[in-house]
Asker: 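Could you have a look at this structure, given as structure tokens, before my questions?
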Amino acid sequence: RAEEANSKPSADNLRSPICCIMGHVDTGKTKLLDCIRRTNVQEGEAGGITQQIGATYFPAENIRERTKELKEDATLRVPGLLVIDTPGHESFANLRSRGSGLCDIAILVVDIMHGLEPQTIESLNLLKMRNTNFIIALNKVDRLYGWKTCPDGPIVKTMKQQSNDVQNEFKMRVKDIINQFQMEGLNTELYYKNKKMGETLSIVPTSAISGEGVPDLLLLLVLWTQQKTMVERFMFSNRVQCTVLEIKVIEGLGTTIDVVLVNGVLHEKDQIVVCGMQGPIVTTIRALLTPHPMKELRIKGSYVHHKEIKAAQGIKITGQGLEHAIPGTALYVVGPDGDLDDAKEAAMEDMNSVMSRIDKSGEGVCVQ
Ligand code: GDP
């Protein structure tokens with residue numbers, strides 16, 4: 001596998017970027033995720049979209065299909081995109097990996113009728129703190145008075161079909177919101193007018209109800225991953241990078257941990273170390289589980305067992321002694337030549353940052 005990581009970048013040796021959805025309550029984060037997921041649901045397998053533990057996987061093929069109306073080249077070099085299922089602050093705050101943000105990119109959802117709201121600012125602060133790139137989805141455009149619906153339409157084409165009144169209201173609201181971002185020290189611009197991507201943040205107008213602008217949003221995510229500087233970030237590596245999201249007791253399985261494997265490979269029977277309330281937890285992976293791909297057939301508590309799983313993926317792990325694992329901390333694998341004490345020490349380093357986060361949230365950070 002080491003040679004693999006050194007060869008030319010391709011979908012085989014790149015991992016999927018991880019995307020998180022942030023924003024104020026009721027701006028449409030959940031709805032937007034549903035809308036992105038919705039494609040071809042009628043066709044059963046939703047165009048290869050698969051439900052993982054805590055995340056949804058969108059294969060490159062599916063994204064290419066949905067962005068084909070847009071002229072840009074939406075060829076994804078990475079195998080797909082992994083979108084975290086629980087939008088909001090808490091999961092983002094927990095989604096850390098070795099001290100930095102686990103999300104490669106975020107979508108910050110802003111309601112076009114409300115502009116920047118308190119939790120928008122909190123999200124902005126978290127994103128700045130973690131140095132996470134983001135795209136702004138200016139959602140609920142369909143609420144502009146007199147909006148003509150154009151289901152799943154690209155935004156420029158949809159805009160052309162709107163009356164002058166709608167276009168004027170849109171321009172006025174966008175201008176106002178750009179000003180609000182300016183007050184937060186951020187340059188923003190509608191993505192199709194943005195000549196300085198990178199310096200200036202892109203705004204994509206969307207409707208999570210009728211899907212306008214959603215192809216544009218997907219396209220921007222793709223364009224972002226295609227930047228040359230990103231290749232290295234998404235190179236598949238053998239070094240396991242994995243974060244614990246949740247601890248859950250599941251009937252028949254006992255205590256399980258839900259994790260996001262950001263990079264590397266996990267195997268059944270791997271010796272792992274996670275940060276625990278009473279010190280490092282050293283255990284062995286008993287089972288690596290993912291949900292059954294066919295939703296209809298999914299019986300409660302029924303999972304697919306894997307001998308090994310390659311990043312990036314959302315996974316459920318069973319093993320002894322995981323009851324006291326702490327969400328938001330890293331999972332370490334002790335390799336055949338690895339040093340257990342080093343792994344234990346590394347695992348407990350996260351304890352400090354988790355504790356300081358809890359202190360900080362006690363000071364009034366609104367966790368959603
Ligand atoms: P969240 O709290 O940010 O996850 O927001 P939700 O996804 O739960 O949406 C909040 C409310 O706004 C729900 O009633 C949605 O139906 C509605 N909503 C979300 N997106 C849109 C949109 O694009 N247009 C309209 N008209 N309503 C929306």
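Along the sequence shown, the residues carry numbers beginning at 1. Worth knowing before you read on, the calculation uses all heavy atoms, side chains too, and leaves out hydrogens, waters and symmetry mates. Indexing begins at 1, ligand by ligand and atom by atom, following the structure's order.
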Asker: With respect to atom 11 (C) of ligand 1, which of E212, K31, R143, K140 exhibits the smallest heavy-atom separation?
Answerer: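 Ranked by closest heavy atom to atom 11 (C) of ligand 1, first place is K140.
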Asker: Verify, without hydrogens or angle tests, whether D339 (side chain) and D341 (backbone) share a donor-acceptor contact under 3.5 angstrom.
Answerer: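 Yes.
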Asker: What pair of heavy atoms forms the shortest contact from G153 to P215, and how long is it?
Answerer: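 Closest heavy-atom pair between G153 and P215: O-CD, 4.1 Å.
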Asker: Check this for me: does any side-chain nitrogen of one of R15 and D104 sit under 4.0 Å from a carboxylate oxygen of the other?
Answerer: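 D104 and R15: salt-bridged.
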Asker: Just jot down the ligand 1 atoms closer than 4.0 angstrom to any heavy atom of H24, in number order.
Answerer: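 What qualifies from ligand 1 is 3 (O).
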Asker: When you measure from the heavy atoms of G23 to every atom of ligand 1, does any distance fall below 4.0 Å?
Answerer: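 No, G23 has no heavy atom closer than 4.0 Å to ligand 1.
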Asker: Does an N or O from V25, backbone or side chain, lie closer than 3.5 Å to an N or O of ligand 1?
Answerer: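 In fact, backbone or side chain, V25 has no N or O that close.
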Asker: Evaluate D142 for polar contact with ligand 1, using N/O atom pairs at a separation under 3.5 Å.
Answerer: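 Yes.
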Asker: Hey, is the main chain of R239 close enough, under 3.5 Å, to the side chain of S237 for a donor-acceptor pair?
Answerer: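 Flag set: sc S237 to bb R239 pair under 3.5 Å.
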Asker: Return the option from S210, A137, A208 holding the heavy atom at the smallest distance from atom 23 (O) of ligand 1.
Answerer: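 Nearest option to atom 23 (O) of ligand 1, by heavy atoms: A208.
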Asker: Suppose the criterion is side-chain hydrogen bond (donor to acceptor under 3.5 Å, both in side chains): which pairs have a residue in residues 141-156, not counting sequence neighbours?
Answerer: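 Sorted pair list: R38-D152, D142-S207, W147-E212.
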